[in-house]
Amino acid sequence: MIEGATVRQAGPEDAVGGVLPRWVALPESVEEVAAVLRACAERDLAVVPAGGGTKLHWGAPPERCDVRLDLGRLDTILEHAAGDLVVRAQAGVTMGALAAVLADEGQELAVDAPFPEGATVGGTLATAPAGPRAFRYGTPRDLLIGVTVVLPDGTVARSGGKVVKNVAGYDLGKLFTGSYGTLGVIAEATFRLHPLPAARRWVRAEVDAADLPGIAAALAASQAEPSAAEVDRPEPDARPALAVLAEGAAAESRAAALRELVGGGEISDAPPSWWGLVSRDETLVEARFPATGLAAVLEAAERAGLALRGSVLSGRVLLAPSAPMEPEVLAVLRRRVEAAGGRVNVLATPHAGLDRWGQVSALPLMRRVKERFDPGRRMSPGRFVGGI
């Protein structure tokens, strides 16, 4: 026990990227998280925060992991100010549970997180996946308006909404979102909400890959204002499936206008079965690119033999191989995507030989931030860009 926090011996199921911790700590409050990190700082123990574990294999394996910090018991929705469209929740609340509570009040957090039944608020922020509706509503980082974090020395800091203590000069919400637990622990988060739309309609069609860039450009400029347009190509030589979402009281008429832009298809009140899901992520590659780069990304993925799923509007797709990915294949893919103004990250892979991040121009700055927040390299060491 550490000032009330439960600690148990780790077992094989607690490994992070194949690295087995010595202990698992299970705090039930922000204060207990702080106590655990203070105790680890005193003993120079490396800590890896974990939520539902759905994306714990994303990012590189930690250089060392003495303590897995399980935040599953921080599972309380602390405040829902429905009139202000704001919610504050602890890091261990699952995205599915949060969605159910908000829906009872006719509201939602417009984040389409993969694995919603198991993924937690903290894990969603730490990995920052951008779901289908990021085109309209933004990413988790954009919807976050306040955060409570615990720094590696046990200091509790708050930024944004309901500030009690801040860290001068830093927007903690933006820094910690997408940092893979390398700067500290996200303990609570406050989000901006949206009303649930009166109706949703999906336009579903199969299209030729060569037509997708033109269709995407027409959808992005359309006055029918699609909330998302997702493409799914489970086999690299298959004809892509396209699904376009219209929301609001006029969803039916908007969907009809969007169907004209797509060139046909059916209108449904339910999404396709693959919408927003990550089906294969033993090896998972992310490509981000400007609108002008869509054709190049589609071609590069096909030549590399990769399944593709993601947004043709916000410029983010996930790629998955059907067999182990060779470093040479990744290198060629990365060159082609970067030539189109994009970049490629390997989110998950069991193979140590793959270059996960490629060249990152901001790496010197990121290393300075890591040094500022975690000079002892105790928080998820080695999990992020450049071995941070």
Review point. Any link between Leu74 and Val7 through a network of hydrophobic side chains (Ile, Leu, Val, Met, Phe, Trp, Tyr) touching at under 4.5 Å?
Key: yes
Review point. Does the distance from a Lys or Arg side-chain N to an Asp or Glu carboxylate O, for Arg316 and Glu286, drop under 4.0 Å?
Key: yes
Exercise for review: Any chance you could measure Ser222, atom OG, to Leu258, atom CG, to the nearest 0.5 Å?
Suggested key: 5.0 Å
**Study point:** Closest heavy-atom pair and its distance - Ala340, Pro290
**Key:** O-CG, 3.5 Å
Review point. Any side-chain heavy-atom pair from Ile77 and Leu98 closer than 4.5 angstrom?
Key: yes
Review point. Between Arg367 and Glu371, is there a salt bridge with N-O shorter than 4.0 Å?
Key: no
Check your understanding: So, Arg334 side chain and Val344 main chain: donor-acceptor pair closer than 3.5 Å or not?
Key -> yes
Review point. So His194 and Leu143, side-chain contact (heavy atoms from CB on, under 4.5 Å) or not? Walk me through it.
Key: CA-CA 10 Å; His194 289 85; Leu143 295 170; 3.8 Å; yes
Check your understanding: Cluster question for you: counting only ILVMFWY and a side-chain heavy-atom cut-off of under 4.5 Å, with indirect links fine, are Val329 and Leu306 together?
Key -> yes
Point to revise | Test item: Arg383 side-chain N/O and Ala60 main-chain N/O as donor-acceptor pair under 3.5 Å | key: yes
Check your understanding: Taking a hydrophobic cluster as the set of Ile, Leu, Val, Met, Phe, Trp and Tyr residues connected by side-chain heavy atoms closer than 4.5 Å, whether directly or through intermediates, do Leu85 and Val93 fall within one such cluster?
Key -> yes
Practice item. Output yes when a side-chain donor or acceptor of Arg141 lies under 3.5 Å from a complementary backbone atom of Thr177, and no otherwise. Key: yes
Check your understanding: Looking at CZ of Phe176 and CG of Leu144, how far apart are the two atoms once the value is rounded to the nearest 0.5 Å?
Key -> 11.5 Å
Check your understanding: Does the side chain of Leu313 reach to within under 4.5 Å of the side chain of Pro226, using non-hydrogen atoms?
Key -> yes
Point to revise | Expected output: side-chain Arg343 to main-chain Gln359 donor-acceptor under 3.5 Å | key: yes
Check your understanding: What are the two closest heavy atoms between Val30 and Glu188, and how far apart are they?
Key -> CG2-OE2, 3.4 Å
Check your understanding: Any donor-acceptor pair under 3.5 Å linking the side chain of Asp84 with the backbone of Val86?
Key -> no
Check your understanding: Are side-chain heavy atoms of Val147 and Thr190 found at a separation under 4.5 Å?
Key -> no
Check your understanding: Under the side-chain hydrogen bond (donor to acceptor under 3.5 Å, both in side chains) test, which residues partner Arg200, sequence neighbours left out?
Key -> Glu108, Glu247
Review point. Shortest non-hydrogen contact from Leu298 to Ala209?
Key: CD1-O, 3.9 Å
Review point. Atom CG in Leu363, atom CH2 in Trp357: separation rounded to 0.5 Å?
Key: 11.5 Å
Review point. Are Glu299 and Arg336 close enough for a salt bridge, meaning some N to O gap below 4.0 Å?
Key: no
Check your understanding: Does Glu63 CD have over 12 foreign heavy atoms under 6.0 Å away?
Key -> yes
**Study point:** Gap separating the CD atom of Glu13 from the CG atom of Leu20, nearest 0.5 angstrom
**Key:** 8.5 Å
Study note, to complete from the structure: Heavy-atom nearest pair, Pro132 first then Trp275, reads CB-CZ2, 3.6 Å
Point to revise | Closest heavy-atom pair and its distance - Ala229, Leu219 | key: CB-CD1, 4.0 Å
**Study point:** Close side-chain approach of Leu37 to Met379, heavy-atom, < 4.5 Å
**Key:** yes
Practice item. Please lay out, stage by stage, how Phe191 and Leu125 fare under the test side-chain contact (heavy atoms from CB on, under 4.5 Å). Key: CA-CA 11 Å; Phe191 294 100; Leu125 289 173; 4.0 Å; yes
Check your understanding: Where do Ser279 and Arg309 land on the side-chain hydrogen bond (donor to acceptor under 3.5 Å, both in side chains) test, with the steps shown first?
Key -> CA-CA 10 Å; Ser279 301; Arg309 178 179 295 168; 2.9 Å; yes
Point to revise | Any donor-acceptor N or O pair under 3.5 Å, side chains His80, Gln107 | key: yes
Check your understanding: Of all heavy-atom pairs between Val207 and Val262, which one has the smallest distance, and what is that distance?
Key -> CG1-CG1, 4.2 Å
Review point. Within the side chain of Lys370, is there an N or O that forms a donor-acceptor pair under 3.5 Å with the backbone of Leu183?
Key: no
Point to revise | Member of Gln90, Arg88, Arg158 meeting the side chain to side chain donor-acceptor pair (under 3.5 Å) criterion with Thr148 | key: Arg158
Practice item. Verify the distance criterion only: is there a donor paired with an acceptor across the side chains of Arg73 and Ser29 at less than 3.5 Å? Key: no
Check your understanding: Can you get from Val317 to Ile215 by hopping between Ile, Leu, Val, Met, Phe, Trp and Tyr side chains that sit under 4.5 Å apart?
Key -> yes
Review point. So, do Pro240 and Glu206 sit near enough that their side-chain heavy atoms are less than 4.5 Å apart?
Key: no
Exercise for review: Could you tell me whether the side chains of Asp281 and Trp58 share a donor-acceptor contact shorter than 3.5 Å?
Suggested key: yes
Point to revise | Check: Ala210 main-chain N/O paired with Asp208 side-chain donor or acceptor under 3.5 Å | key: no
Review point. Does some side-chain heavy atom of Leu294 sit less than 4.5 Å from a side-chain heavy atom of Phe289?
Key: yes
Exercise for review: Before giving the answer on side-chain contact (heavy atoms from CB on, under 4.5 Å), spell out for Leu319 and Leu333 the whole-Å C-alpha distance, their side-chain angles and the decisive distance to 0.1 Å.
Suggested key: CA-CA 11 Å; Leu319 311 170; Leu333 173 73; 4.0 Å; yes
Review point. Distance-only, no hydrogens or angles: does the Arg378 side chain make a donor-acceptor pair with backbone N or O of Asp374 under 3.5 Å?
Key: no
Practice item. Calculate, to the nearest 0.5 Å, the distance between atoms CD and CG belonging to Glu32 and Leu69 respectively. Key: 10.5 Å
Review point. Taking the side chain from Arg356 and the backbone from Gly59, do they hold a donor-acceptor pair closer than 3.5 Å?
Key: yes
Exercise for review: Kindly work out whether a path of hydrophobic side-chain contacts (I/L/V/M/F/W/Y, heavy atoms less than 4.5 Å apart) joins Val150 to Val48.
Suggested key: no
Point to revise | Contacts of Arg8 that satisfy side-chain hydrogen bond (donor to acceptor under 3.5 Å, both in side chains) - sequence neighbours left out | key: Asp14
Check your understanding: Is any side-chain heavy atom of Pro114 less than 4.5 Å from a side-chain heavy atom of Thr54?
Key -> no
Check your understanding: Can you check whether Ala238's main-chain N or O pairs, donor with acceptor, with Arg233's side chain at less than 3.5 Å?
Key -> no
Practice item. Begin with the C-alpha distance, continue with both residues' side-chain angles, and end with the deciding distance and a verdict on side-chain contact (heavy atoms from CB on, under 4.5 Å) for Phe115 and Val278. Key: CA-CA 8 Å; Phe115 327 112; Val278 175; 3.8 Å; yes
Exercise for review: Nearest 0.5 Å please: distance from the CH2 atom of Trp202 over to the OG atom of Ser268.
Suggested key: 7.5 Å
Exercise for review: Report yes if some heavy atom in the side chain of Val33 is under 4.5 Å from a heavy atom in the side chain of Leu71; otherwise report no.
Suggested key: yes
